[in-house]
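The first residue in the sequence is number 1, and the count goes up from there.
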Amino acid sequence: MQIARQVAESQKTGQEMDKITLAYPSLSVEEAYVIQRLSIDSMISEDNKMIGWKMGLTSKAKQQQVGVGEAIYGRLTKSMELTTQVINVKEFIHPRVEPEFAFLIKEELKGDHITANEVWPAIDCVFLALEVIDSRYRNFSFTLSDVIADNASSAKILLGNQRFSPYHTDWAKASVSLYHNGRKEKKGTGAAILDHPINSIVELVKMINREGLTVKPGMVVLVGAITDAVAVQSGDVVVADYGELGKLRLTIRE
């Protein structure tokens, strides 16, 4: 519980901390998820309820790079949702921005045998999204267990205003170009997310089922980054261009 309080305090204040595995080198993934749950639970209140889940390491290449066979997940709370297209760099330590899709769920999703065909009817709509990730660890240095304990580096999310039907397009083929101060830095498609974003939701449901948890109606699921993130600083502007689907813009200020 003491470690969870330390992580929560770092997340709230934007003050960096040493990675947990320096003091506890044998920290397991299972223990890291307990720390994540306890730290987020300590921040839950009437005004800051849990609003959903985020997935990370949804690129097969990234999984191979860090030597894991599945994605990781984190929790989203109301205070993480941006109400304007501006962030203050002073609130973060190592802010990075990445483009995503966010799926709004209208029916409970649960079980370790769930399939994509069962997930589709439970989706209310899809939003374009940007996620601001921010590792709270000193020198941006961490292990897999560290990043899980740090809520998968989740910091802020920006959802687009347009609601799309889940059947509006083939989300695996939907593309995005990420511009950083007017220069195209990254490009990708939804297929980068476990071959198809729907697979990310299936995997999330199976993973949280181990804790006896479910995706509740009304929750949002960030399915994973479509491209690598770009590091940002004061004065930067990031634009995610999703072609016919529209654009999302985020301005970084002092």
Side-chain angles (χ1 to χ4, degrees), residues 51-66 68-74 76 80-82 85 96-107 109 114-133 152-154 156-180 184-208 215 219-230 238-250:
I51 61 169
W53 302 87
K54 67 149 289 183
M55 290 288 277
L57 291 181
T58 49
S59 159
K60 290 296 185 182
K62 282 189 177 179
Q63 288 184 9
Q64 292 172 1
Q65 184 180 356
V66 298
V68 297
E70 65 180 14
I72 63 174
Y73 62 83
L76 303 175
M80 296 179 188
E81 188 175 358
L82 292 170
Q85 295 180 318
R96 286 164 163 73
V97 179
E98 56 191 27
E100 303 226 6
F101 296 122
F103 286 67
L104 180 63
I105 306 303
K106 63 181 179 181
E107 299 173 13
L109 295 172
I114 195 165
T115 66
N117 285 339
E118 293 172 300
V119 171
W120 280 116
I123 299 169
D124 181 33
C125 63
V126 183
F127 296 95
L128 307 181
L130 289 176
E131 183 181 14
V132 181
I133 58 174
S153 299
S154 190
K156 296 289 183 182
I157 61 171
L158 175 68
L159 301 182
N161 292 324
Q162 179 67 48
R163 298 163 62 105
F164 295 97
S165 161
Y167 312 113
H168 176 85
T169 189
D170 182 344
W171 298 102
K173 294 181 180 178
S175 65
V176 62
S177 295
L178 193 65
Y179 291 84
H180 187 196
K184 187 195 290 191
E185 295 279 349
K186 311 286 182 181
K187 185 172 183 178
T189 68
I193 307 165
L194 296 176
D195 298 326
H196 194 296
I198 199 72
N199 296 329
S200 181
I201 302 176
V202 171
E203 185 157 338
L204 169 67
V205 175
K206 292 179 178 180
M207 292 172 74
I208 65 175
V215 179
M219 284 188 164
V220 168
V221 178
L222 279 183
V223 291
I226 305 168
T227 74
D228 287 339
V230 294
V238 175
V239 176
D241 185 347
Y242 294 82
E244 294 180 354
L245 298 175
K247 297 179 181 179
L248 280 182
R249 176 189 178 99
L250 188 64

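- Atom-to-atom distance recorded for His168:NE2 and Gln162:CD is 8.0 Å, nearest 0.5 angstrom.
- Residue Met55 forms a side chain to side chain contact (heavy atoms under 4.5 Å, CB included) with just one option from Leu204, Val223, Ile201, and that option is Leu204.
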- Message: Tyr242 vs Thr169, test: side chain to side chain contact (heavy atoms under 4.5 Å, CB included). Steps then yes/no.
- Response: CA-CA 12 Å; Tyr242 294 82; Thr169 189; over 6 Å; no
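- Salt-bridge formation is not detected for the pair Asp241/Lys184: no Lys NZ or Arg NE/NH1/NH2 atom is positioned less than 4.0 Å from an Asp or Glu carboxylate oxygen.
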- Test side chain to side chain contact (heavy atoms under 4.5 Å, CB included) on Leu159 and Leu104 and set out the steps. CA-CA 11 Å; Leu159 301 182; Leu104 180 63; over 6 Å; no
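- Side-chain atoms of Leu82 and Leu250, non-hydrogen and from C-beta on, do get closer than 4.5 Å to each other.
- Taking CZ from Arg96 and CD1 from Ile133, the interatomic distance works out to 7.0 Å, rounded to the nearest 0.5 Å.
- A side chain to side chain contact (heavy atoms under 4.5 Å, CB included) with Ile105 holds for exactly one of Val220, Val215, Val119; it is Val215.
- The nearest pair of heavy atoms linking Thr58 to Ala225 is OG1-N, 3.9 Å.
- In plain terms, the two heavy atoms of Lys186 and Ala229 that are nearest each other are CE-O, 4.1 Å.
- Counting heavy atoms from C-beta on, the side chains of Val97 and His180 never come closer than 4.5 Å.
- Heavy-atom neighbours of Lys247 NZ from other residues, nucleotides or ligands within 6.0 Å: at or below the threshold of 12.
- Here the closest heavy-atom approach between residue Gly160 and residue Phe127 is recorded as O-CD2, 3.3 Å.
- Closest approach of Ala102 and Leu222 over heavy atoms only: CB-CD2, 3.8 Å.
- Here the OH atom belonging to Tyr167 is positioned 6.5 Å from the CD1 atom belonging to Ile123, to the nearest 0.5 angstrom.
- Taking both residues in full, the closest heavy atoms of Leu130 and Ala240 are given as CD2-CB, 3.8 Å, listed atom of the first, atom of the second, then distance.
- Separation of atoms NZ (Lys206) and CG (Leu109) is listed at 12.5 Å; rounding is to 0.5 Å.
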- Could you give me the CA-CA distance, side-chain angles and deciding distance for Glu81 and Ile51, then say whether side chain to side chain contact (heavy atoms under 4.5 Å, CB included) is met? CA-CA 9 Å; Glu81 188 175 358; Ile51 61 169; 3.9 Å; yes
- Would you sort out whether Ser200 and Glu203 count as a side-chain hydrogen bond (donor to acceptor under 3.5 Å, both in side chains), showing the intermediate values? CA-CA 5 Å; Ser200 181; Glu203 185 157 338; over 6 Å; no
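- The closest side-chain heavy-atom distance from Pro99 to Leu248 is not below 4.5 Å.
- Distance alone, capped at 3.5 Å, is enough to place a donor-acceptor pair between the Glu100 side chain and the Gly224 backbone.
- If you take CD1 on Ile226 and OG on Ser59, they are separated by 12.5 Å, rounding to the nearest 0.5 Å.
- Val176 approaches Thr227 most closely through the heavy-atom pair CG1-CG2, 4.1 Å.
- Note that the CG atom of Asn161 and the CG atom of Leu128 stand 10.0 Å from one another [nearest 0.5 Å].
- Relative ring orientation between Phe101 and Trp171 is described as perpendicular, the plane-to-plane angle rising above 60° on a 0-90° scale split at 30° and 60°.
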